[in-house]
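See below for the structure under consideration.
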Amino acid sequence: MRWARVYFGVQAIAGAAWWVAVFTVPVVRVATLGGLDPVIVAVLDVPLFVGTSALAAFGLRSAAIVATVWTGLVTIALAGYATVTGEAGWGVLAMIAASCGSTLALCLLLLGRLPSEWILLGPFGFRPAKARAEASAHVIATAAQIVVFWGLFLVVIPLAIAALETRWALALAFPSALRVAGVVVLVSASALGIWAAAAMSTKGGGTPLPAAMPNRLVIAGPYRFVRNPMAVAGIVQGAAVGLIMSSWLVVAYAIAGSLVWNWVVRPLEESDLDARFGADYRRYRTVVRCWVPRLRPVAPVDPVAPVDPVAPVDPVASRTER
């Protein structure tokens, strides 16, 4: 709760400083508000953003709710305005950051924690694959997942981000050499992702998707070098796509994804692995790092299947860490 109050306090000060700059520095006004009348906007934003953020800093929960809701509404409205007019792009970025920060701070203030388990719903909820399914079925399912998820996260979303970046006049010039480097990096990272997916689907008795997670702990293929080869591949792929598209916002999108994965998803996944595989996973974790690959791979280990102590004949599925 203390950090939530600190955040809202910082947000109130930053908001007040921004409004001072809007009325005193024309460049700031044009970059963040475009052609909008600053007086009309200030009449609403100063009390509903700056004022409520200041009250939230003193622990007033209703003020924090108002500040968060208002910030979200302003973000949506300003994004629409910027998309139609091509103005106020930097203001949109500032409000997106404020919306994310306010939402996280509100969760801390109301719940005392970040409800990270909420992201593990629907297709992202931990559920085991069918233990009796043939390995070929897992391979086919994994291939389909790669097509869908890579298409979404590495093509559709980056294209949308790059289009908005251009429309909001936020694009920056990239050296042409970076595009060539991006192609090389993308191919290398994609090869790593396919290698990891193949190891998981053929030896783990499941797929990379949480909704059909592997039944066995796999220490083979790239998992002998690093504990998260698929996460490493995905993040590097995203950054490479940003280089190819000359989009710094796509690169930022990849970096943001890495932070979410590391601080939100990974703790849940590691807790699940520890609970399911116990000492086997803990031994693996002590010798193989999370992000930095080993120079020499650990010895390959036959896939380890967890056993339900209540019903020893039925294996309890557990997801391998990507």
Side-chain angles (χ1 to χ4, degrees), residues 1-111 114 160-174 242 247-253 255-256 259-260 263:
M1 182 180 294
R2 180 170 65 90
W3 286 111
R5 294 173 60 182
V6 168
Y7 171 82
F8 279 115
V10 171
Q11 180 167 273
I13 294 172
W18 174 71
W19 274 114
V20 170
V22 165
F23 284 105
T24 58
V25 184
V27 174
V28 174
R29 181 173 65 252
V30 172
T32 57
L33 286 181
L36 294 174
D37 188 332
V39 175
I40 295 177
V41 179
V43 168
L44 294 173
D45 195 65
V46 169
L48 292 175
F49 179 71
V50 179
T52 55
S53 293
L55 292 175
F58 289 97
L60 188 60
R61 296 186 176 186
S62 58
I65 295 173
V66 172
T68 303
V69 172
W70 173 254
T71 303
L73 292 175
V74 171
T75 300
I76 295 171
L78 194 59
Y81 171 80
T83 302
V84 172
T85 66
E87 300 177 344
W90 291 104
V92 176
L93 289 188
M95 292 310 301
I96 290 174
S99 291
C100 293
S102 295
T103 301
L104 295 177
L106 181 63
C107 288
L108 288 175
L109 199 61
L110 297 181
L111 305 176
L114 297 179
I161 291 174
L164 291 174
E165 180 181 359
T166 300
R167 183 58 183 165
W168 295 348
L170 299 175
L172 302 175
F174 276 42
S247 171
W248 70 271
L249 276 184
V250 172
V251 175
Y253 151 77
I255 295 173
L259 297 177
V260 171
W263 296 104

Checklist entry - Pick from Leu108, Leu104, Thr103, Leu110: which one makes a side chain to side chain contact (heavy atoms under 4.5 Å, CB included) with Leu106? => result Leu110
Checklist entry - Could you give the distance from CG (Leu109) to OG1 (Thr68), rounded to the nearest 0.5 Å? => result 9.0 Å
Checklist outcome for this item: Rounded to the nearest 0.5 angstrom, the OH-OG distance for Tyr7 and Ser102 is 4.0 Å
Next on the checklist: For the OG1 atom of Thr71 and the CG atom of Leu78, what is their distance to the nearest 0.5 Å?
Outcome noted: 12.0 Å
Next on the checklist: Can a side-chain donor-acceptor contact be found between Trp18 and Thr32 if the only test is distance below 3.5 angstrom?
Outcome noted: yes
Item to check | Closest approach of Ala63 to Leu55 (non-hydrogen atoms, all atoms of both residues) | outcome: CB-CB, 3.6 Å
Next on the checklist: For a quick test of reading the model, state the closest non-hydrogen atom pair linking Ala67 to Phe8 and the distance between them.
Outcome noted: CB-CE2, 4.4 Å
Checklist entry - Looking only at heavy atoms, which two atoms of Phe49 and Gly15 are closest? And how far apart? => result CE2-CA, 3.9 Å
Item to check | Least distance between heavy atoms, Ala4 atom then Ala105 atom | outcome: CB-O, 3.2 Å
Next on the checklist: Which heavy atom of Pro47 sits nearest to which heavy atom of Ala42, and what is that distance?
Outcome noted: CD-O, 3.8 Å
Next on the checklist: Apply side-chain contact (heavy atoms from CB on, under 4.5 Å) to residues Val46 and Trp19 and explain how you reach the verdict.
Outcome noted: CA-CA 8 Å; Val46 169; Trp19 274 114; 3.9 Å; yes
Checklist entry - CH2/Trp248 to CZ/Phe174 distance, rounded to the nearest 0.5 angstrom? => result 9.0 Å
Report all side-chain donor-acceptor pairs from residues 81-96 shorter than 3.5 Å, counting only partners two or more places apart or in another chain.
unit_1	atom_1	unit_2	atom_2	d
Tyr81	OH	Gly35	N	2.9
Tyr81	OH	Glu87	OE1	2.7
Thr83	OG1	Ala79	O	2.7
Thr83	OG1	Trp168	NE1	3.1
Thr85	OG1	Tyr81	O	2.7
Thr85	OG1	Glu87	N	3.2
Glu87	OE1	Gly35	N	2.9

Item to check | Closest approach of Ala16 to Val50 (non-hydrogen atoms, all atoms of both residues) | outcome: N-CG2, 3.8 Å
